[in-house]
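For clarity, every value in this text was computed on a predicted model and none was experimentally measured. Below, each value reflects all heavy atoms present in this structure, side chains not excepted, and no hydrogens, waters or symmetry copies.
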Amino acid sequence: MRLTTKGRYAVTAMLDLALHAQHGPVSLADISERQGISLSYLEQLFAKLRRGSLVTSVRGPGGGYQLSREMAGIQVAQVIDAVNESVDATRCQGLGDCHSGDTCLTHHLWCDLSQQIHEFLSGISLADLVKRRDVQEVALRQDMRRANSQTPQLDKIEASAIE
């Protein structure tokens, strides 16, 4: 079973966006910093997510991206599908040429597994993930780490009284 980096990063970025949506549009730079995903890669993913009608962009100061609809209406499978990713358990990418150009003995088994995985991911929304305690704990840790790294470090200033 293989889900490539593209699918994993798209789901991670969309979950980050959902977690921070209450503060308004979220910049890709912020997602990049929190999740350790390159900004240029996020730009490519979000172009596909926008074409898939999962996000909208907001221009100008304070701009960024926001979900195009409620979190409960966005399924993990939709995110993966929007970035042209497939959850495929076959070695032949579902083409049926897995055994010297013909269908292998277990081809249909792996196709059925791929379908079951897609159905499973279709039953999980961003809202379901946001509600999870483990997701909330990780998000809080990331936000705290980011807040601590952005705190300006002031040099000590010595003062003396002049009479």
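- The distance from the CG atom of D81 to the OG atom of S122 is 7.0 Å, given to the nearest 0.5 Å.
- The shortest non-hydrogen separation linking A18 to V130 is CB-CG2, 3.9 Å.
- The shortest heavy-atom contact between A89 and L113 is CB-CD2, 3.8 Å.
- To the nearest 0.5 angstrom, R145 atom CZ is 11.0 Å from E33 atom CD.
- Exactly one residue among L54, T56, L126 makes a side chain to side chain contact (heavy atoms under 4.5 Å, CB included) with L67. That residue is L126.
- In this view, D16 and R34 satisfy the salt bridge (Lys or Arg N to Asp or Glu O under 4.0 Å) rule, not counting sequence neighbours.
- Hydrophobic side-chain contacts under 4.5 Å tie M144 into a cluster, directly or through other members, with L140.
- A search for salt bridge (Lys or Arg N to Asp or Glu O under 4.0 Å) contacts involving R132 returns D134, not counting sequence neighbours.
- Taking both residues in full, the closest heavy atoms of I80 and G7 are given as CG1-O, 4.4 Å, listed atom of the first, atom of the second, then distance.
- Scored by the side-chain hydrogen bond (donor to acceptor under 3.5 Å, both in side chains) test, S27 finds D30 as partners (sequence neighbours excluded).
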request  = Would you sort out whether K48 and Q44 count as a side chain to side chain contact (heavy atoms under 4.5 Å, CB included), showing the intermediate values?
outcome  = CA-CA 7 Å; K48 291 180 179 189; Q44 294 171 35; over 6 Å; no

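- Screening D143, V26, V138, V135 for a side chain to side chain contact (heavy atoms under 4.5 Å, CB included) with L19, the sole residue that qualifies is V135.
- Pairs of residues two or more places apart, or lying in two chains, that qualify as ring pair (Phe, Tyr, Trp, His ring centres under 6.0 Å) and include a residue from residues 17-63 are Y9-Y41, F46-Y65.
- Remark: S32 pairs with no residue by the side-chain hydrogen bond (donor to acceptor under 3.5 Å, both in side chains) rule, at least two apart or across chains.
- Every residue was checked against the side-chain hydrogen bond (donor to acceptor under 3.5 Å, both in side chains) condition with E43, not counting sequence neighbours, and none meets it.
- Looking at every heavy atom in both residues, L121 comes nearest to Q75 through O-CB, 4.1 Å.
- Residues satisfying the side-chain hydrogen bond (donor to acceptor under 3.5 Å, both in side chains) test with E137, not counting sequence neighbours, are none.
- The side chain to side chain contact (heavy atoms under 4.5 Å, CB included) test applied to A127 returns M71, A72, S125, not counting sequence neighbours.
- For the pair P25 and Q66, the tightest heavy-atom approach, listed with the atom from each and the gap, is CG-OE1, 3.9 Å.
- Within 6.0 Å of CD in Q35 there are more than 12 heavy atoms belonging to other residues, nucleotides or ligands.
- Residue I124 is grouped with residue V87 when hydrophobic side chains (ILVMFWY) are merged at heavy-atom distances under 4.5 angstrom, including chains of intermediate members.
- One finds the NE2 atom of H107 at 8.0 Å from the CG atom of L95 (value rounded to the nearest 0.5 Å).
- Listed by first then second residue, pairs satisfying ring pair (Phe, Tyr, Trp, His ring centres under 6.0 Å) with a partner in residues 113-145 number zero, not counting sequence neighbours.
- Note: the hydrophobic cluster containing L109 also contains I117 (ILVMFWY, side chain heavy atoms under 4.5 Å, direct or indirect links).
- A47 meets the side chain to side chain contact (heavy atoms under 4.5 Å, CB included) test with R50, R51; sequence neighbours excluded.
- A 4.5 Å side-chain heavy-atom check between L15 and T12 finds every atom pair outside the cut-off.
- Under the rule for a side chain to side chain contact (heavy atoms under 4.5 Å, CB included), S53 has no partner lying at least two apart in sequence or in another chain.
- Linking ILVMFWY side-chain heavy atoms closer than 4.5 Å, directly or via other members, places V11 and L39 in a single hydrophobic cluster.
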